[in-house]
There are 2 protein chains.
Amino acid sequence: MHSRTPSPAARAGRPRSATADTAILAATRAALVELGWSKLTLGDVATRAGVAKTTLYRRWAGKNELVVDAVAELFDELRVPDRGSLAADIEGVVLQFAAILARPEARSGLMAVVAESTRDDALRERIRASIVERQKRLVLEGRARAQARGELPPEEDPEEAARTVDLIFDVVAGAVVHRTLVSAQPADENWVRGFTRVLVTGLTSLPGRPQEHQTGTAADSPPAPGNRAATDSPSAPERKAADSPSGA
Amino acid sequence: MHSRTPSPAARAGRPRSATADTAILAATRAALVELGWSKLTLGDVATRAGVAKTTLYRRWAGKNELVVDAVAELFDELRVPDRGSLAADIEGVVLQFAAILARPEARSGLMAVVAESTRDDALRERIRASIVERQKRLVLEGRARAQARGELPPEEDPEEAARTVDLIFDVVAGAVVHRTLVSAQPADENWVRGFTRVLVTGLTSLPGRPQEHQTGTAADSPPAPGNRAATDSPSAPERKAADSPSGA
DNA sequence: ACGCTTTCGCTACGACCCGTAGCGTAATGG
DNA sequence: CCATTACGCTACGGGTCGTAGCGAAAGCGT
């Protein structure tokens, strides 16, 4: 063995410009603010970033993938503040989420790529990995903290717990998105307070597993409801060519 | 006064073909299914509908407005079934809503126009009037029914009540949309049951104006959080030219 | 220092779609 | 029968797409 590649994915030749990546993503967000999704063109982004249009196509397959990466960076700042109670923690996270969605580059970009992802499985997976999964971790973190405080009981059935996390996540993210983008009204403190009150009340005051009273089978869902924790390690965000310069 | 227009908006000349309208909207939905939003072209829709491309532009300002009208018709079938209890009624409506969102023409079309509406106020108003408002009426209907049953107390402060309706609407619609489009998992009976349980528990088991126990002021929200009930009567869907052939 | 490899900037290109103008024709109402 | 409006059709300039091809630049290994 003579030619050992010193580090993975640094094989040979001229390396990709890292500054170009950040410039392109920043230019994409700027273009989203000024033009919105539909009028954003890759040629324009390339000009703003000071690179050639062909460079863009060498790194991203198209507009969709580029915008996903550009928007994903906006969610890097999300944290779970320790405010002392479950309700207060949720309020804090929701307010942060709402603040991000209030920015025009997120508004116009995020929903557009989600819409596109309904016809493009690879794109949806990219969104899930780079945006959704990061948010879901916040829910897990908040639950762990609430359990440590004794506000929530420790989970018994892990599968049931996972389903609850998914439910909470859909409710929280969905409500904020709908309030912000569809109803077009600010998710300000008042709204977040009312929303959190309903959510926390609904979560804490319902018994662990009440009764499968009416409709029928409630807990014997088949073993594979989704594809939880089955699409992770391989086939990362899968850039067009090779390396993965996006923050990560 | 001699030239009395016999009926409003039927002034003179050749009337617009009503069949063409339905054909165009149906063709739009078909194109959404086959091509999705991004690859849908107006020329293609015109060909499918058997009309000239210019006819499309005489009636709709562009792709956005056309798709809004085409998708809006999908929501005509929404009803509030009387299942006997608030929880069961909500489950019924949510399941209907989920069924509509499961159709590909709604998935790819709805989110795309919502995304576009973030930069186009007229488009957002069109969506609100033709889609959102219709759904919100279901919430009002369900609440009235629950009040008649005694499950919910009659509202005291009408402004507070309106705010609650908006909150419920954002939570329900947002959660279903997020579950369906972002998480990309079916909003089936099991999920709807769990979601409804949390929502109904949160709504009913919180007293009308409880205690500002931990987080702080919970009820003294300022009087004007949004601009409710201020954009209604004038400037209807405002087609491009004149008449309004969409179902209505 | 020398190649080898990969990236970069640039130009040019065919293909496609947009949105409109113009024309002759069809369908109503007065 | 005439004014008015809608329709189908064709054609057009303008813009974007995504790719190909080229020479030059920037690293790595020997």
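Just so we're on the same page: letters track the sequence lines, and every chain starts at 1.
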Quiz item: Which part of the nucleic acid, if any, lies within contact of A:Thr54, taking any heavy atom under 4.0 Å across all strands shown: a base, the sugar-phosphate backbone alone, or nothing?
Solution: base

Quiz item: Is the shortest distance from a Lys or Arg side-chain nitrogen in B:Arg124 or B:Asp120 to a carboxylate oxygen in the other one below 4.0 Å?
Solution: no

Exercise. Measure distances between side-chain N and O atoms of A:Arg16 and base N and O atoms of D:dG27, and say whether any donor-acceptor pair falls under 3.5 Å.
Key: no

Self-check item: A:Trp60 CH2 to D:dG18 P, straight-line distance once rounded to whole Å
Solution: 15 Å

Quiz prompt | B:Tyr57 OH to D:dA6 P, straight-line distance once rounded to whole Å | solution = 18 Å

Exercise. Could you tell me whether A:Arg179 and B:Asp166 make a salt bridge, using a distance below 4.0 angstrom between a side-chain N and a carboxylate O?
Key: no

Practice problem: Provide, to the nearest angstrom, the distance between the CD1 atom belonging to B:Ile24 and the C1' atom belonging to D:dA6. | Solution: 12 Å

Practice problem: Please tell me which of the listed nucleotides, C:dC17, C:dC8, D:dC7, lies nearest to the side chain of B:Thr41? | Solution: C:dC17

Quiz item: At their closest point, which heavy atom of B:Val51 faces which heavy atom of B:Ala20, and how far apart are they?
Solution: CG1-CB, 4.2 Å

Quiz item: Choosing from C:dC8, D:dG18, D:dC7, which nucleotide comes nearest the side chain of A:Leu42?
Solution: D:dG18

Quiz prompt | Separation of D:dT16 C1' from A:Leu35 CG (nearest whole Å) | solution = 13 Å

Exercise. Between B:Gly50 and B:Lys53, name the one whose nearest nucleotide on DNA chain D is closer to the 5' end.
Key: B:Gly50

Exercise. Describe, in one word, how the ring planes of B:Phe75 and B:Phe97 are oriented to each other, choosing from parallel (under 30°), tilted (30 to 60°) and perpendicular (over 60°).
Key: tilted

Practice problem: Please tell me which of B:Arg14 and B:Lys63 maps to the more 5' nucleotide of DNA chain C, matching each residue to the nucleotide holding its nearest heavy atom. | Solution: B:Lys63

